[in-house]
K.L.:
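Quick one: the structure is below, and I'll ask about it shortly.
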Amino acid sequence: MNKTNIVCGLLALTTFFSSCDSLCKKEVKDVVANMYGQRIDYGDWNVPSSTYSILTYIDSTQCTECQMQIRKWQKFLNNIGCDLSGTLQVVFVVHNKSIGRIKHNFRHAEASLFFVIADTAGRFIQKNELPSNDMFRTFLLDSANHIVAIGNPIYSSNIAKLYMDFMGVEAVSESSTYAQNLGTFNWREPQTVSFKIANQSDAVWRIDSITTSCECTTAKCYQSEVLPTDSLKVEVCYAAESASTFMREVYVHTNHQNEPITLTIEGSAVEQ
């Protein structure tokens with residue numbers, strides 16, 4: 001494996017974990033060293049061929065819809081400024097016993113962008129030894145299904161750039177994004193943070209709606225309009241369903257932007 005590629009992968013992953021300590025960095029280094037170059041075995045599943053593919057594995061231990069983030073995947077693909085036909089395929093392997101639930105989560109997705117494997121029996125994880133940390137269960141694969149990059153590009157601009165550099169493509173746009181790291185906390189204790197979003201335009205913002213990436217995250221604000229030079233305060237509450245490393249999003253829809261303002265929270269909910 002090219003040494004430069006490994007170094008770039010390490011930098012992208014450690015930058016993604018903004019609070020990454022020495023133990024975290026060692027875990028990243030070990031994952032990169034162990035996974036780079038490995039070949040993913042799809043078994044009997046006939047995955048469409050392409051120059052590159054992004055594989056993300058989702059298990060049934062957490063909220064499936066929270067992990068899928070279909071809307072954000074669609075935004076990531078739409079931000080790539082070229083035709084991806086034959087170049088890139090996004091593959092979801094979903095370990096969930098409810099096929100109906102899996103189909104429900106993809107009900108609004110653009111079908112041509114994704115290939116979904118409903119792994120109701122857990123056969124994929126038996127064939128492929130993956131890291132236990134969900135953040136290391138998304139990979140960029142070459143045409144022979146060898147891992148060439150690790151990390152989820154919808155959560156990190158550094159990883160997204162790494163993937164795009166491999167594929168030789170560029171992003172055409174980015175939406176307004178705000179992020180906060182909640183650190184490490186007891187997963188049984190809901191966490192609340194506030195975001196302050198300044199209206200730096202000359203127009204009045206009308207708040208059309210606020211939506212979240214999953215039911216474990218709620219958000220509220222007490223303003224319907226934001227005048228120029230004023231700010232919008234949004235309170236976000238995250239109630240973990242189990243101990244895990246997580247990233248969730250809140251979308252603030254206004255009359256001023258075509259894309260919503262994205263608020264991101266991340267952290268580690270642990271057993272204490």
K.L.:
Considering only residues two or more places apart or on different chains, which pairs with a residue in residues 178-191 satisfy salt bridge (charged side-chain N to carboxylate O under 4.0 Å, His left out)?
P.N.:
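Qualifying pairs, neighbours excluded: Arg188-Glu271.
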K.L.:
Return yes if some donor-acceptor pair links the side-chain N/O of Tyr163 with the main-chain N/O of Gly151 below 3.5 Å, else return no.
P.N.:
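Indeed, once roles are kept as given, a pair shorter than 3.5 Å links the two residues.
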K.L.:
For residues His146 and Gly37, report the shortest heavy-atom separation together with the two atoms involved.
P.N.:
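Looking at all heavy atoms of both residues, the closest pair is CD2-O, 3.4 Å.
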K.L.:
Might you work through the side chain to side chain contact (heavy atoms under 4.5 Å, CB included) test for Ile265 and Val236, ending with a clear yes or no?
P.N.:
CA-CA 9 Å; Ile265 56 173; Val236 178; 4.1 Å; yes
K.L.:
Could you pull out every donor-acceptor pair under 3.5 Å between side chains of residues 43-50 and any protein atom, sequence neighbours left out?
P.N.:
residue	atom	partner	partner atom	Å
Ser50	OG	Tyr52	O	2.6

K.L.:
For Ser242 and Ala269, which heavy atoms make the closest approach, and how far apart are they?
P.N.:
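Looking at all heavy atoms of both residues, the closest pair is O-CB, 4.1 Å.
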K.L.:
In the single-linkage hydrophobic clustering (I, L, V, M, F, W, Y; side-chain heavy atoms under 4.5 Å), do Tyr251 and Phe195 co-cluster?
P.N.:
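Not linked; separate clusters.
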K.L.:
What residue pairs, at least two apart or across chains, pass salt bridge (charged side-chain N to carboxylate O under 4.0 Å, His left out) with a residue in residues 193-214?
P.N.:
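Pairs touching residues 193-214 that pass the test: Arg206-Asp208.
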K.L.:
Test of understanding: with side chain to side chain contact (heavy atoms under 4.5 Å, CB included), list the residues that count as partners of Val270, not counting sequence neighbours.
P.N.:
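By the side chain to side chain contact (heavy atoms under 4.5 Å, CB included) rule, Val270 matches Thr184, Ser268, Gln272.
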K.L.:
If the test is side chain to side chain contact (heavy atoms under 4.5 Å, CB included), which one of Leu140, Asn152, Leu141, Ile154 qualifies with Ile54?
P.N.:
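Single pass found, and it is Leu140.
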K.L.:
Can you check whether Thr229's main-chain N or O pairs, donor with acceptor, with Asn199's side chain at less than 3.5 Å?
P.N.:
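Between the backbone of Thr229 and the side chain of Asn199 there is no qualifying donor-acceptor contact (under 3.5 Å).
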K.L.:
Checking Arg123 now: which residues fulfil salt bridge (charged side-chain N to carboxylate O under 4.0 Å, His left out) with it, not counting sequence neighbours?
P.N.:
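Arg123 satisfies salt bridge (charged side-chain N to carboxylate O under 4.0 Å, His left out) with no residue once adjacent residues are dropped.
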K.L.:
Nearest 0.5 Å please: distance from the CD atom of Glu225 over to the CG atom of Asn255.
P.N.:
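One gets 8.0 Å once the value is rounded to the nearest 0.5 Å.
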K.L.:
Could you go through Cys216 and Tyr238, starting from their C-alpha distance and side-chain angles, then the distance that decides it, and tell me whether this counts as side chain to side chain contact (heavy atoms under 4.5 Å, CB included)?
P.N.:
CA-CA 6 Å; Cys216 57; Tyr238 172 71; 3.7 Å; yes
K.L.:
Shortest non-hydrogen contact from Ala144 to Arg39?
P.N.:
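Nearest heavy atoms, Ala144 then Arg39: O-NE, 3.3 Å.
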K.L.:
What distance separates Glu129 CD from Met35 CE, expressed to the nearest 0.5 Å?
P.N.:
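It comes to 8.0 Å.
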K.L.:
What is the minimum heavy-atom distance between Ser201 and Pro228, and which atoms define it?
P.N.:
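The pair with the smallest heavy-atom distance is O-CB, 3.3 Å.
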K.L.:
Between Tyr178 and Ala198, what is the shortest heavy-atom contact and its length?
P.N.:
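Residues Tyr178 and Ala198, closest heavy atoms: OH-N, 4.4 Å.
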K.L.:
State plainly whether one hydrophobic cluster holds both Val90 and Leu162, where clusters connect Ile, Leu, Val, Met, Phe, Trp and Tyr through side-chain heavy atoms under 4.5 angstrom apart.
P.N.:
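Same hydrophobic cluster.
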K.L.:
Is there a path from Trp205 to Leu263 through hydrophobic residues (I, L, V, M, F, W, Y) whose side chains come within less than 4.5 Å of each other?
P.N.:
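Cluster IDs for Trp205 and Leu263 match.
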K.L.:
By salt bridge (charged side-chain N to carboxylate O under 4.0 Å, His left out), which residues pair with Asp142, not counting sequence neighbours?
P.N.:
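Expected list: none.
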K.L.:
For residues Val93 and Leu130: do they belong to one hydrophobic cluster (side chain heavy atoms under 4.5 Å, members Ile, Leu, Val, Met, Phe, Trp, Tyr)?
P.N.:
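They do share one cluster, since a chain of ILVMFWY contacts under 4.5 Å joins Val93 to Leu130.
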K.L.:
Show your working on side chain to side chain contact (heavy atoms under 4.5 Å, CB included) between Val234 and Ile197 and close with a plain yes or no.
P.N.:
CA-CA 8 Å; Val234 180; Ile197 308 168; 4.2 Å; yes
K.L.:
Tell me every residue that passes ring-ring contact (aromatic ring centres under 6.0 Å, His included) with Phe185, counting only those two or more places apart in sequence or in another chain.
P.N.:
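Listed in chain order: Phe246.
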K.L.:
Has Arg248 got a side-chain atom pairing as donor or acceptor with Thr264's backbone, closer than 3.5 angstrom?
P.N.:
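Checking the backbone N and O of Thr264 against the side chain of Arg248, no donor-acceptor pair under 3.5 Å is found.
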K.L.:
Please say yes or no: joined through hydrophobic side-chain contacts below 4.5 Å, possibly via intermediate residues, are Val91 and Phe139 part of one cluster?
P.N.:
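Val91 and Phe139: one cluster.
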K.L.:
Under 3.5 Å, is there a donor-acceptor pair between the Thr138 and Thr56 side chains?
P.N.:
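Yes, Thr56 and Thr138 have a side-chain donor paired with an acceptor closer than 3.5 Å.
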K.L.:
When Ile, Leu, Val, Met, Phe, Trp and Tyr are grouped by side-chain heavy atoms lying under 4.5 Å apart, directly or through other members, which residues fall in the same group as Val204?
P.N.:
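For the cluster that includes Val204, the remaining residues are Leu227.
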K.L.:
Between Gln223 and Ser231, is there a donor-acceptor pair closer than 3.5 Å when you use the side chain of the first and the backbone of the second?
P.N.:
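Yes: the side chain of Gln223 pairs with the backbone of Ser231.
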K.L.:
How far does SG of Cys237 sit from NZ of Lys220, to the nearest 0.5 angstrom?
P.N.:
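The SG atom of Cys237 sits 8.5 Å away from the NZ atom of Lys220.
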K.L.:
With Lys161, which residues qualify under side chain to side chain contact (heavy atoms under 4.5 Å, CB included), at least two apart?
P.N.:
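Asp165.
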K.L.:
Just jot down the salt bridge (charged side-chain N to carboxylate O under 4.0 Å, His left out) partners of Asp41, sequence neighbours excluded, or say none.
P.N.:
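Result, salt bridge (charged side-chain N to carboxylate O under 4.0 Å, His left out) vs Asp41: none returned.
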K.L.:
Nearest 0.5 angstrom please: Glu259 CD to Thr254 OG1, how far?
P.N.:
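One finds 11.0 Å between CD of Glu259 and OG1 of Thr254.
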K.L.:
Can you name the ring-ring contact (aromatic ring centres under 6.0 Å, His included) partners of Tyr57, sequence neighbours left out?
P.N.:
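Partners of Tyr57 by the ring-ring contact (aromatic ring centres under 6.0 Å, His included) criterion, ordered by chain and then number, come out as Phe124.
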K.L.:
Which residues pass the side-chain hydrogen bond (donor to acceptor under 3.5 Å, both in side chains) test with Asn145, not counting sequence neighbours?
P.N.:
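In terms of side-chain hydrogen bond (donor to acceptor under 3.5 Å, both in side chains), with neighbours along the sequence ignored, Asn145 is linked to no residue.
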K.L.:
Would Val94 and Asp119 satisfy side chain to side chain contact (heavy atoms under 4.5 Å, CB included), going step by step from the backbone distance to the final call?
P.N.:
CA-CA 6 Å; Val94 185; Asp119 183 18; over 6 Å; no
K.L.:
Looking only at heavy atoms, what is the nearest atom pair of Phe166 and Val148, with distance?
P.N.:
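What the structure gives for the nearest pair is CZ-O, 3.3 Å.
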